[in-house]
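What follows is one structure encoded as structure tokens, with my remarks underneath.
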Amino acid sequence: MAGPERNADLRALIRTIPDFPKPGIAFRDITTLLLSPAGLAACVERMAEAVDGPLDLVAGIEARGFLFAAALAIPLRAGVLLIRKDGKLPGATIAEDYALEYGQDRIAIHADALVPGARVLLVDDLIATGGTARAALRLLRKAGGVVTQAQFVVDLPDLGGADRLRDEGIAVHALVDFPGD
Ligand code: AMP
């Protein structure tokens, strides 16, 4: 990551809510960035600039990832693939489980959403431990997708998720990081 002034304008638009959803968690709230016309445009433009090479699909993780995935896919002339919580998609799905701090969760995609060899960019608003993004990566690869890059608005580097994704061969890009979280 570059110096502290990198994307300082976007960082200033992200609100921190202490102790949400539970004591000790600093929730990095991007809804305040979404409310800013200039901030939202700059955010999407800078994410698009960081994309490497042509893509077929931008895969967004429910729910905030959908917003950035769709906004990025339009200028990139890519389609949008929805990675949803299990049980929401109407067609035949493939799913992947991942561990939460307490218990498990499951995400799913439509089984026919990908043609093998499709070049897919993975997108979410934030990466923390990387559990969600790594489950999404397994799912996309299981479906035959070629995933080499992932983008986030926010990285919490001390939680190690971005490094874990890099270990899986992914080039990880985030606009803003909050060290120490
Ligand atoms: P993880 O699987 O630990 O990388 O968590 C990533 C997912 O949880 C993303 O979809 C985020 O939206 C959400 N998330 C985790 N930690 C935070 C946080 N401190 N602030 C805002 N969202 C978070």
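In listed order, ligands and their atoms are each counted from 1. Just so it is clear, the structure is predicted and the values come from calculations on it, not from any experiment.
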Q.
More than 12 heavy atoms of other residues, nucleotides or ligands under 6.0 Å from NZ of Lys142: yes or no?
A. yes
Tell me whether [X] is salt-bridged to [Y], with the criterion being a basic N under 4.0 Å from an acidic carboxylate O.
{"X": "Glu168", "Y": "Arg134", "answer": "yes"}
{"X": "Asp177", "Y": "Arg6", "answer": "no"}
{"X": "Arg166", "Y": "Asp163", "answer": "yes"}
{"X": "Arg46", "Y": "Asp9", "answer": "yes"}
{"X": "Lys85", "Y": "Glu62", "answer": "no"}

Shortest protein contact, [atom] (heavy atom only):
{"atom": "atom 20 (N) of ligand 1", "value": "Arg28 N, 3.0 Å"}
{"atom": "atom 19 (N) of ligand 1", "value": "Ala26 O, 3.1 Å"}
{"atom": "atom 22 (N) of ligand 1", "value": "Phe27 CE1, 3.5 Å"}
{"atom": "atom 12 (O) of ligand 1", "value": "Arg64 NH2, 2.6 Å"}

Would you mind running through ligand 1 and noting each atom that sits below 4.0 Å from a heavy atom of [X]?
{"X": "Thr132", "result": "1 (P), 2 (O), 5 (O), 6 (C), 7 (C)"}
{"X": "Thr129", "result": "1 (P), 2 (O), 3 (O), 4 (O)"}
{"X": "Leu156", "result": "19 (N)"}

Q: Specify whether the nearest protein heavy atom to atom 14 (N) of ligand 1 is under 4.0 angstrom away.
A: yes
Q) Is Ala128 in polar range of ligand 1, meaning some N or O pair under 3.5 Å apart? A) yes
Region of [X] that comes within reach of ligand 1 [heavy atoms, distance under 4.0 Å]:
{"X": "Asp124", "value": "side chain"}
{"X": "Ala133", "value": "neither"}
{"X": "Leu126", "value": "both"}

Q | Contact check, Gly130 vs ligand 1, heavy-atom distance below 4.0 Å | A | yes
Q) Do we get Arg11 above Phe178's six-membered ring, with its NZ or CZ under 6.0 Å from the centre and within 45° of the axis? A) yes
Q | Sub-4.5 Å side-chain heavy-atom contact between Leu137 and Arg141 | A | yes
Q. Short question: side chain of Thr129, backbone of Gly131 - any donor-acceptor pair under 3.5 Å?
A. yes
